[in-house]
Amino acid sequence: MKKMRWLLLTMGIVLMAQETSLVPLVSGYNKYVREGNSSNRYEVAGITNAGAFEAFFEKLQEAVKNSDKIEVVKHVRYPLRVNKDGKSQFIRDEQQFLEEYDQIMTEKVREAFLQQKVTDTFVNDQGVMVGDGEMWLGQFSNRFVVFAINVE
């Protein structure tokens, strides 16, 4: 009888795993599925869905390219850490980010981000690095965000 219960339990778990997605949904990017190789190179950074992250990255690049500040501020985690001249400053909210946008999103930061291929980013347990560290991105709860910018 015990063996029968274990068999039924195991079968139930297998069936449930087949019916439910094991990849958590990410706010605004639920429909994105990565084509081809399904491995998640961003997993070490805590990113649960590679295809959704890559779609977010491209959307953010488009906003930066078009100087769409309103769209960019939506993809930032506050307080945002901005490192400049060996010191860290924290941008408290969207309003402050907009006021200081040009000092934060410098030409160097924008160019590094716009030239970066998402699949060529450096990834570690801290997040996803753009360029030589000009920008760091990651997933917090169910949102992809920019969480640090290095202006230096």
Side-chain angles (χ1 to χ4, degrees), residues 13-152:
I13 290 171
V14 169
L15 290 173
M16 284 175 44
Q18 290 176 347
E19 291 298 318
T20 60
S21 172
L22 299 177
V23 177
L25 299 179
V26 179
S27 181
Y29 296 92
N30 301 341
K31 65 183 178 186
Y32 295 95
V33 177
R34 195 167 189 212
E35 298 292 325
N37 184 354
S38 63
S39 67
N40 181 355
R41 69 181 295 271
Y42 314 103
E43 185 174 18
V44 70
I47 293 171
T48 57
N49 184 321
F53 176 75
E54 290 171 356
F56 156 79
F57 193 93
E58 291 173 10
K59 182 178 180 181
L60 185 58
Q61 277 185 320
E62 193 65 27
V64 169
K65 179 182 176 185
N66 294 328
S67 299
D68 187 348
K69 297 175 184 180
I70 302 299
E71 187 63 29
V72 173
V73 299
K74 294 177 187 176
H75 301 291
V76 173
R77 180 175 188 239
Y78 300 98
L80 170 68
R81 182 184 191 128
V82 177
N83 300 308
K84 183 177 183 179
D85 299 326
K87 297 179 183 175
S88 293
Q89 170 190 5
F90 291 91
I91 305 301
R92 67 184 172 283
D93 56 26
E94 290 182 2
Q95 182 178 344
Q96 184 182 4
F97 186 87
L98 285 171
E99 290 169 1
E100 299 182 32
Y101 186 89
D102 292 328
Q103 289 78 37
I104 298 167
M105 295 296 291
T106 63
E107 183 68 27
K108 182 181 177 201
V109 171
R110 287 193 308 271
E111 283 303 311
F113 184 58
L114 293 175
Q115 292 177 9
Q116 181 70 60
K117 285 183 165 180
V118 66
T119 55
D120 293 338
T121 51
F122 171 77
V123 182
N124 68 13
D125 62 338
Q126 300 295 306
V128 178
M129 183 180 83
V130 169
D132 292 324
E134 286 87 356
M135 189 181 290
W136 283 84
L137 302 98
Q139 180 178 335
F140 291 85
S141 298
N142 67 340
R143 288 186 62 221
F144 299 126
V145 293
V146 175
F147 64 86
I149 296 178
N150 294 300
V151 178
E152 318 182 274

Colleague: Looking at every non-hydrogen atom in both residues, tell me the closest pair between Val130 and Ala112 and how far apart they are.
Modeller: CG1-O, 3.7 Å
Colleague: Is it true that a side-chain atom of Asn66 and a backbone atom of Asp68 form a donor plus acceptor pair closer than 3.5 Å?
Modeller: no
Colleague: With no hydrogens and no angle check, just 3.5 Å: does a side-chain donor-acceptor pair link Arg110 and Ser67?
Modeller: no
Colleague: To the nearest 0.5 Å, tell me how far Asp132 CG sits from Lys108 NZ.
Modeller: 7.0 Å
Colleague: Would you confirm whether Asp125, through its side chain, and Val44, through its main-chain N or O, come within 3.5 Å as a donor-acceptor pair?
Modeller: no
Colleague: Could you tell me whether the side chains of Gln61 and Gln116 share a donor-acceptor contact shorter than 3.5 Å?
Modeller: no
Colleague: Got Ile47 and Leu137 here, is their nearest side-chain heavy-atom distance under 4.5 Å?
Modeller: no
Colleague: Mind listing the closest non-hydrogen atom pair of Tyr101 and Val72 along with its distance?
Modeller: OH-CG2, 3.8 Å
Colleague: Do any pairs count as a ring pair (Phe, Tyr, Trp, His ring centres under 6.0 Å) and have a residue in residues 114-140, sequence neighbours left out, and if so which ones?
Modeller: Phe140-Phe147
Colleague: Is the His75-Phe56 ring centre distance short of 6.0 angstrom?
Modeller: yes
Colleague: What orientation do Phe57 and Phe53 show, parallel under 30°, tilted 30 to 60°, or perpendicular over 60°?
Modeller: tilted
Colleague: Using 4.0 Å as the upper bound for N to carboxylate O, is an ion pair formed by Glu71 and Lys59?
Modeller: yes
Colleague: For Thr48 and Gln139, run side chain to side chain contact (heavy atoms under 4.5 Å, CB included): C-alpha distance rounded to whole Å, both residues' side-chain angles, the deciding distance at 0.1 Å, then the answer.
Modeller: CA-CA 8 Å; Thr48 57; Gln139 180 178 335; 3.3 Å; yes
Colleague: What pair of heavy atoms forms the shortest contact from Ile104 to Val151, and how long is it?
Modeller: O-CG2, 3.7 Å
Colleague: With heavy-atom distances below 4.5 Å as the criterion, would you say the side chains of Ile149 and Val109 are in contact?
Modeller: yes
Colleague: Would you check if there is a donor-acceptor pair between the side chains of Tyr42 and Glu54 at a distance under 3.5 Å?
Modeller: yes
Colleague: With a 4.5 Å heavy-atom cut-off, do Phe97 and Met105 have their side chains touching?
Modeller: yes
Colleague: Compare every heavy atom of Ser39 with every heavy atom of Ala50, then report the nearest pair and how far apart it is.
Modeller: CB-O, 4.4 Å
Colleague: Taking C-beta and beyond as the side chain, do Phe113 and Leu60 meet within less than 4.5 Å on heavy atoms?
Modeller: yes
Colleague: Looking at Lys84, Glu100, Arg81, Gln103, which one forms a side chain to side chain donor-acceptor pair (under 3.5 Å) with Gln89?
Modeller: Glu100
Colleague: Hey, what do you get for CZ (Arg92) to CG (Leu80), rounding to the nearest 0.5 Å?
Modeller: 12.5 Å
Colleague: With rounding to the nearest 0.5 Å, note down the distance linking CD in Glu94 to CD in Glu99.
Modeller: 12.0 Å
Colleague: Just wondering, do Val128 and Arg41 contact through their side chains at under 4.5 Å, heavy atoms?
Modeller: no
Colleague: What's the spacing between Asn142 CG and Asn49 CG if we round to 0.5 Å?
Modeller: 12.0 Å
